[in-house]
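Below, each value reflects all heavy atoms present in this structure, side chains not excepted, and no hydrogens, waters or symmetry copies. All chains are named by letter (A, B, ...) in the order of the sequence lines, taking the proteins before the strands, and each is independently numbered beginning at 1.
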Protein chains: 2
Amino acid sequence: MTRKEVDSPDAITFPMSEEDGISFELIELLFFAYRDFVADPDTMLASLSYGRAHHRVLHFVNRRPGITVANLLDILAITKQSLARVLKQLIEDGFITQQQGDSDRRQRMLYPTVKGRELALEISKCQARRIEEALQTLPPETKQASKAFLYAMIEPQGRPIVRSLNHGLEALNVIEPAPSSRRK
Amino acid sequence: MTRKEVDSPDAITFPMSEEDGISFELIELLFFAYRDFVADPDTMLASLSYGRAHHRVLHFVNRRPGITVANLLDILAITKQSLARVLKQLIEDGFITQQQGDSDRRQRMLYPTVKGRELALEISKCQARRIEEALQTLPPETKQASKAFLYAMIEPQGRPIVRSLNHGLEALNVIEPAPSSRRK
DNA sequence: TAAATTAAGTCAACAATGCTGACATATATT
DNA sequence: AATATATGTCAGCATTGTTGACTTAATTTA
């Protein structure tokens, strides 16, 4: 009962748990699953000294060939600087090419090269393999349920973008009239 | 047919799509869902000039009060330096306290303070709210299915850690006999 | 008991990827 | 002709990850 025992006057010794009415399990599952999910691409790209940012740019340019820089910024939700840095390298290294916009010649439309498509596919295959292996062990309705859950986790404003990537809505420029918020 | 049209000799103009046999939808859902999922904590912690790294440390110390530095490194899978930087601040600012290990006095057992617990709970509540709101719109079996999916997405070696956080396995030190791989 | 190992802390340095603000250039729009 | 837009670029900063080396204290082993 001396001062010795009062070392850390307010150390809490019992764990934060589901009893607090919070689903810690899902919170942590998202953390660990996402970490392992991006580890594969990270490893593959390390040999090219590319990182996660390069991967994202490459991915979305492959999913939307001809996308403009501005629309790409909307999808990635990063600043022009952050994009420019990695985009420059991808172009220099011949994974992506630019073409002047047809209607608006200020625009730069981005396309993957053959080399860029191959790399994007290789990485996506690897990620898809992990997903398919996970789903294999589970009942078939799991896939649809997980999609629905993840979709509902996305901010409503972001959802049209996700949809447009899958059903070929050309509406990318219509989506989010871009009140010139981001994109400094 | 002049050179003009051969601008970008190998620009690919058709999108990478599910026809390549890859579930791009799930890949992208994971990306967007995770991004929005961590945006809330990021915002909340910005006022304290803390980042994502601080959040993770605070979270797991609250989930496993008394955890040692070495075990925390195993969970986070980062280097000692990366941990030290943020842990130091959290201790200085009174969110976490240290106590010498009982059996092994080299160890530093980490505990949240009252203040630290409150902050961790506040953030977790916010994340849980987003999860619950997403699930509300969906059939009840979605939660279990999503848990199972995310769990299966985690590398097998990592799974016992996730489990131990939820059922109170004291076994954290037993989990992964730590062949002294990481933790430089 | 002496030597080796381990847990933790620290230092210096570096890399990736976010951010800001400012400014230039070409092109469109009003 | 004036203004606005799309892109590119410069300089600089913050966070968070990395490496490798070294210290101190405590434990374990030979």
Side-chain angles (χ1 to χ4, degrees), chain A residues 35 38-39 41-43 45-58 66-74 76-92 96 98-110 172-173 177-184, chain B residues 35 38-39 41-43 45-58 66-74 76-92 96 98-110 172-173 177-184:
Chain A
R35 190 180 61 184
V38 293
D42 282 3
T43 307
L45 291 167
S47 48
L48 292 161
S49 39
Y50 281 172
R52 223 166 275 189
H54 299 85
H55 176 210
R56 286 169 188 170
V57 172
L58 185 68
I67 191 173
T68 63
V69 171
N71 282 162
L72 188 50
L73 286 172
D74 283 340
L76 297 171
I78 58 175
T79 57
K80 199 162 42 152
Q81 262 317 319
S82 298
L83 173 58
R85 215 158 18 201
V86 295
L87 182 54
K88 198 178 190 175
Q89 292 179 274
L90 287 164
I91 291 171
E92 275 172 7
I96 290 179
Q98 287 177 309
Q99 258 180 242
Q100 204 167 42
D102 326 302
S103 49
D104 186 336
R105 292 186 313 183
R106 288 172 304 182
Q107 295 180 335
R108 297 289 174 272
M109 305 192 318
L110 305 172
L172 250 190
N173 18 15
S180 85
S181 43
R182 213 171 301 98
R183 193 187 322 158
K184 282 277 168 60
Chain B
R35 189 179 62 182
V38 293
D42 282 2
T43 306
L45 290 167
S47 49
L48 291 161
S49 40
Y50 281 171
R52 224 166 274 188
H54 299 85
H55 176 209
R56 287 170 187 168
V57 172
L58 185 67
I67 192 174
T68 63
V69 170
N71 282 163
L72 188 50
L73 285 172
D74 283 339
L76 297 172
I78 56 175
T79 57
K80 199 163 43 153
Q81 262 315 320
S82 297
L83 173 58
R85 215 156 21 199
V86 295
L87 182 54
K88 199 178 189 176
Q89 292 179 275
L90 287 163
I91 291 171
E92 275 171 7
I96 289 179
Q98 288 177 308
Q99 258 180 243
Q100 204 167 45
D102 327 303
S103 49
D104 186 335
R105 291 182 315 179
R106 288 171 304 179
Q107 296 179 332
R108 297 289 174 271
M109 304 192 319
L110 305 172
L172 250 190
N173 17 16
S180 84
S181 42
R182 212 170 303 97
R183 191 188 324 159
K184 283 275 167 61

List, with names and distances, any nitrogen or oxygen atoms from the protein found under 3.5 Å away from nitrogen or oxygen atoms belonging to nucleotides 14-16 of chain C.
none

B:Thr79 side chain near D:dT18 phosphate (N/O to OP1/OP2, under 4.0 Å): yes
Closest non-hydrogen atom pair between A:Leu45 and A:His55, with its separation: CD1-CB, 3.3 Å
B:Leu110 and B:Gln98, any side-chain heavy atoms less than 4.5 Å apart: yes
Spacing between A:Leu73 atom CG and D:dA6 atom C1', to the nearest angstrom: 10 Å
Distance, rounded to the nearest Å, where A:Leu76 contributes CG and C:dC19 contributes P: 10 Å
A:Met109 CE to A:Asn71 CG distance, which is reported to the nearest 0.5 Å: 11.5 Å
Under 3.5 Å between N/O atoms: give me all the protein pairs with nucleotides 26-30 of chain D, atom names plus distance.
from, atom 1, to, atom 2, distance (Å)
D:dT27, OP1, B:Arg105, N, 3.1

Shortest side-chain distance from B:Arg56, nucleotide among D:dG17, D:dT16, D:dT7: D:dG17
Nearest-nucleotide comparison on DNA chain C, the residue closer to the 5′ end among B:Thr68 and A:Leu83: B:Thr68
Length of the line joining B:Asp74:CG and C:dA7:P, which is rounded to integer Å: 10 Å
Separation of D:dA14 P from B:Leu48 CG (nearest whole Å): 18 Å
Interatomic distance, A:Leu73 atom CG to A:Thr68 atom OG1 [nearest 0.5 angstrom]: 8.5 Å
Under 3.5 Å: donor-acceptor pair, side chain of A:Arg108, backbone of A:Arg106: yes
Flag side-chain contact, heavy atom, 4.5 Å: B:Gln100 against B:Gln107: no
A:Leu45 CG to D:dG17 C1', straight-line distance once rounded to whole Å: 17 Å
Nearest-Å distance for atom pair CG/P, residues B:Leu72 and C:dA7: 14 Å
Which residues share a side chain to side chain contact (heavy atoms under 4.5 Å, CB included) with B:Arg52, sequence neighbours left out: B:Val38, B:Asp42, B:Arg56
Check: B:Leu72 and B:Val69 side chains under 4.5 Å, non-hydrogen atoms: no
A:Gln89 CD to D:dT9 P, straight-line distance once rounded to whole Å: 13 Å
Nearest-neighbour nucleotide for the B:Gln107 side chain, D:dT7, D:dT19, C:dA7 considered: C:dA7
Integer-rounded Å distance: C:dA7 P and B:Ile67 CD1: 14 Å
Rounded distance [0.5 Å steps], CG in A:Leu48 versus CD in A:Gln89: 10.5 Å
hbond_proxy A:Lys80 side chain to D:dG8 base (donor-acceptor, 3.5 Å cutoff): yes
